[in-house]
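Here's the structure we're looking at; comments come further down.
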Amino acid sequence: MFNCFKTGWRHLGAALFVAGCLLSGQVLAADKAHVVVLATGGTIAGAGADAVNSATYQAAKVPVDKLIAGIPELAKVADVKGEQVFQIASESFTNDNLMTLGRRVSALVKDKGVDGIVITHGTDTLEETAFFLNLVIHSDKPIVVVGSMRPGTALSADGGLNLLDAVSVAANPESRGRGVMVVMNDEILSARDVVKTINIKTNAFASQWGALGMIVEGKSYWFRKIDKKHTLTSEFNIDNLKELAPVDIAYAYGNVGAEAYEAFAAKGDKAIIHAGTGNGSVADRMVPVLRGLQDKGVQIIRSSRVWGGFVLRNAEQPDDKYGWVVAHDLSPQKARILAAVAIASGFNAEKLQKAYWEY
Ligand code: ASP
């Protein structure tokens, strides 16, 4: 009886202790989400000579452990582990880098001990990597890609808060099933439509369809969900991909000639993304060139160099007649990723066109 009385008090004491910890904002170590930070380089790992050099610096300098150690607040949000996958500026990313990173993410999402993944990345091609992962990773665990516009050595550096926000999104169970996300400048954006819009301001990333949500003081506020296929609903899977199909982008402008298109075809491309003017339009003199390449088995995909709106099928050009595909609202750089993944997965023109509507 006395023992029981004693045990009762002990339980009550423990309960009060736990409640006290939670009320005071502390989370017990066992309750914390396990987040892995995969570092790939970029400005978020950059260093400059002095604090006012926010644009003159070297990207990809600071190792991941130092990045994490520089933000003690991370430990309050999650149990964070770092892994250095690459140390490069993102303009140097290759298809091989995408595959290596994708395979690592795929292995980590299968690990029961991992709740979320953050990828630190240069901002130049961040949207391409994020979209690639959005297509090929089969998991509803939060995957967040983050960068910064200023190196950590600059006054008002943005990387620290961006990384803290990214980890808080990755640690949050409410983030599950939303597809791969990009966290920059207090916003949560979808990998499929996020675009880097300016190269010298901290509010560099936007989506023409709006942000998914915002992070304020570490808390996520959600506003929309993506009505497109991604991650778990995707037909693509990195585990079944050996390599990406060769696809390049040819940029259209007044006076454009056939040279770039023909060089890409000669190199063995399976598809060429035509970054067309306006509605993915094609100059009169270029129509026979592109039709000739299509007849030789190089899939022509019309996208637009204009960042907003989307390319309409059979408007501007008779796509049905020529066997061409349109990239819908995907930018040329995202259109390349989808074509490279879909063609490597055995998609023909018809299935590829369907994919551009659906992803
Ligand atoms: N050139 C850098 C990179 O993409 C720019 C940045 O990270 O902001 O790696």
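All ligand and atom numbering here is 1-based and tracks the order in the structure.
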Which residues pass the side-chain contact (heavy atoms from CB on, under 4.5 Å) test with N95, sequence neighbours left out? L98, L244, R336
So side-chain hydrogen bond (donor to acceptor under 3.5 Å, both in side chains) across residues 212-225, not counting sequence neighbours, yields E174-W222
For the residue pair N172 and P142, establish whether any side-chain heavy-atom pair is separated by less than 4.5 Å. no
Can you confirm whether E358 sits close enough to K228 that some side-chain heavy atom of one is under 4.5 Å from a side-chain heavy atom of the other? no
Distance filter under 4.0 Å, heavy atoms only, around ligand 1 gives G42, T43, A89, S90, E91, G122, T123, D124, S148
Rounded distance [0.5 Å steps], CG in L101 versus NE2 in H121: 6.5 Å
Ring pair (Phe, Tyr, Trp, His ring centres under 6.0 Å) partners for Y322, two or more places apart: W324
